[in-house]
Protein chains: 2
Amino acid sequence: MGDGLPFGAALIVNMEKNSPKYLELVKWIQQQIETKELQPGQKMYSENKLKDMFGVSRQTVRHAISVLENEGLIRRVQGSGTYINDNRLANLEKRTRVSVVTTYVDGYIFPRTIQGIENVLFEQGYSVQIAFTNNLNSRERTILEDIINRDEVAGIIMETTKSGIPNPNLHLYQEIRKRRIPIIFINSYYPLLKIPHVSINDRMAGRRVTRHLISMGHKKIGGIFKLDDGQGHLRYAGYVDAMNEAGLDIDDTKILWVDTEDVKHLEKSREKLLDRVAGCTGLFCYNDEVAFSLIEILKKEGIHVPEDISLASVDDSELAVLGDVQLTSVPHPMEHLGEKAAENLLKMIKDPTFDGTYEFDINIIQRDSVRKFK
Amino acid sequence: MGDGLPFGAALIVNMEKNSPKYLELVKWIQQQIETKELQPGQKMYSENKLKDMFGVSRQTVRHAISVLENEGLIRRVQGSGTYINDNRLANLEKRTRVSVVTTYVDGYIFPRTIQGIENVLFEQGYSVQIAFTNNLNSRERTILEDIINRDEVAGIIMETTKSGIPNPNLHLYQEIRKRRIPIIFINSYYPLLKIPHVSINDRMAGRRVTRHLISMGHKKIGGIFKLDDGQGHLRYAGYVDAMNEAGLDIDDTKILWVDTEDVKHLEKSREKLLDRVAGCTGLFCYNDEVAFSLIEILKKEGIHVPEDISLASVDDSELAVLGDVQLTSVPHPMEHLGEKAAENLLKMIKDPTFDGTYEFDINIIQRDSVRKFK
DNA sequence: TTGTACATCTTGTACGTACAAATTCGCAAG
DNA sequence: CTTGCGAATTTGTACGTACAAGATGTACAA
């Protein structure tokens, strides 16, 4: 075979620097691999070939090759030859740790979701690494940068931070995609990024709950929605869908937008709440936590659920059946969501073309917080 | 310097097998390091020395040494010599992941504990790996074996599985100690194993709660304790302490031992519960979960708390203030416990002689579930 | 068509030589 | 006592040779 070209290339490289010949050879081979002149799995030039090509001794060639072998780039087989390693197999597919990033650790949904994730991943031999953003974009950034820099995980399961407002870390998600690290969002997601998500159908949930209130005779229906969370936006959209379907007016003054912090201290929004509630017979609550707190606040004002106002929410958590008034609520899949997310992430790891998106169907559990309005 | 001895040793090794000379040399040097003949940091025999000692060429010696260098056991410095690497520094101290192993993910204590752990470790640049035993010794075994075999974590924070009954995995804890992987128990611990723990003082908690009942005039005091959990045993011991101090009789027929599964479905033990409760005016409840369920069960029987019976518990969780009857309870440190465990584990990583044991002080929050008995 | 033997090519082991480059240490000069 | 120089020591690079051992394909025989 003709070997004119390598000669030239070799000489040029050789001239460039005053570094040892064997290191120049290492560099040249690395370049060949990087520029795909040498494909993974393919057989490399034999030692004698390289010796002749570069005009060095076979020992020098062996020195260079042993460096590359220790780096894992190539593989030598006695009697057969030297081969380029498939790097992808050597890296991503050998990994057995998955990173789970969530916002807060709330008391009811998260523990069961993480348990679902861990159960599935553990069975498949993966370990689970966990980090919390505390719903801070700054911390989300640090965590993602850490994951990217360490470059050790097989995939990421991520609960997005403040998905309802523009995220300053989108470039990091781009970087993750560029590196082909499988990632899947849970609960919430960014519609603009084409990243798979596993969640309930939040828009349908908003619609289902509102429809239920309508079917029970309510016409003046307000709502409490989360502003900094994509789920809040979608549930609101579903609420609007249902109201429009029924030909009912949407009264902006009966909608209260809260953020994650507000939810934890709902009593601080007492005046606003009472203002929104006044004149409504039914109310959509973003989740059980909101509904539960609201019932307590209203009770102190002498407003009783469901006698004075009906309300329905989403999550069907422990809170739904813990208080005096058992909540009508849309169940959250909890560990099933975690399991599904983990299963789909594993499929994405095995097959990068697999689309891991899954939305759970919606149903509604009727209890005591909604009554018929005549 | 005399070099008679190495000659003999070398020859013997050389005779043993029909493997390449350079591999025999590798083996010999590895043995020297393992048997501490060559100490970390110390200078190795020079290439020429080894060449003479083993009667091989310098190239063969270099081959052997390069193998060991790639394994990270030794370090070569041109002009100076070859040195034995300090393995501990190269391994354990460079690690930045901590494994957290817990039993179940309950709804209130665990999420805040893990949050405390994660906050502290994240700030110090560590990542957190998590696994759940589901309170099964078999799964605890698999998880620990996995941790040991992978040999990647800087330390372990562990909630013991069924610490109240003999653990079949003690040999794994021995192995972990042998490998000098720092480990710390949380909540519960094995007194026989000298492994540090961070927990509340459970015996004091049992004593404090029982004393409170006694101080409120109760004399016939029963208790519900967890059998499969060391914390249950200790709280019982504290209960006994307090009863003895006050000169009160302990009536075995008023003590109910439950296991972790029973707690989740307390209504299944209804008959036993009613039997134990009968004749008592005060009751120690293992935790809020037990107390909360018990109040519901008793209510259905027409027995009211605190009018008909007083009860106090441990944890002071969300459940304590969620029901109709607000619970008198001993607070669990929750995230503080996680933070303390993480801080002490980090100290143990930096200083292997540090004893990470810490027990939180006990106080009691008085609410509505205990009334004065005349 | 199948199986065996052989030539040939490949990497592996092993020895030897020579000189380069970095470090160390002793010795002499200041 | 300090500084500087040079010799000695140590590892690094580079070449060469020789033979061993494993893999592969071809020619030939059954």
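In the text below, chain A, chain B and the rest are named by the order of the sequence lines, each starting its count at 1. The analysis underlying the following values was restricted to heavy atoms, covering all of them including side chains, and did not include hydrogens, waters or symmetry mates.
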Practice problem: Using the test side chain to side chain contact (heavy atoms under 4.5 Å, CB included), find all partners of B:L136 that sit at least two apart in sequence or belong to another chain. | Solution: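 For B:L136 the side chain to side chain contact (heavy atoms under 4.5 Å, CB included) partners, ignoring immediate neighbours, are B:N134, B:S138, B:R139.
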Quiz prompt | Non-neighbouring partners of B:K51 that pass side chain to side chain contact (heavy atoms under 4.5 Å, CB included), sequence neighbours left out | solution =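 Partners of B:K51 by the side chain to side chain contact (heavy atoms under 4.5 Å, CB included) criterion, ordered by chain and then number, come out as B:N48, B:R58, B:V61.
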Quiz item: Nucleotide by nucleotide, 5' to 3', does protein get under 4.0 Å of the base (B), only the sugar-phosphate (S), or neither (-) in nucleotides 3-12 of chain C, counting heavy atoms?
Solution: ------BBBB
Self-check item: Under 3.5 Å side-chain donor-acceptor pair for B:N344 and B:Y358
Solution: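 The answer is no; no qualifying pair exists.
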Self-check item: Any donor-acceptor N or O pair under 3.5 Å, side chains A:R141, A:N169
Solution: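 No pair is found: no donor N or O on one side chain lies under 3.5 Å from an acceptor on the other.
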Quiz item: Is it true that A:Y173 and A:F185 have ring centroids separated by less than 6.0 Å?
Solution: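 Ring-ring flag for A:Y173/A:F185: true, centres closer than 6.0 Å.
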Self-check item: B:E71: salt bridge (charged side-chain N to carboxylate O under 4.0 Å, His left out) partners, not counting sequence neighbours
Solution: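 Result, salt bridge (charged side-chain N to carboxylate O under 4.0 Å, His left out) vs B:E71: none returned.
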Self-check item: salt bridge (charged side-chain N to carboxylate O under 4.0 Å, His left out) against A:D146, all qualifying residues, sequence neighbours excluded
Solution: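 Scan of A:D146 (salt bridge (charged side-chain N to carboxylate O under 4.0 Å, His left out), adjacent residues dropped) gives A:R150.
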Quiz item: Does the side chain of B:Y83 come within less than 4.5 Å of B:I74's, by heavy atoms?
Solution: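 No, side chains not in contact.
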Quiz item: Taking the nucleotide of DNA chain D with the closest heavy atom to each, which residue, A:Y83 or A:L23, is nearer the 5' end?
Solution: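 The residue mapped nearer the 5' terminus is A:L23.
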Exercise. Walk along DNA chain D from 5' to 3' and tell me the first and last nucleotide with an atom closer than 4.0 Å to a non-hydrogen atom of chain A.
Key: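 Using the under 4.0 Å cut-off, the span is D:dT13 to D:dT24.
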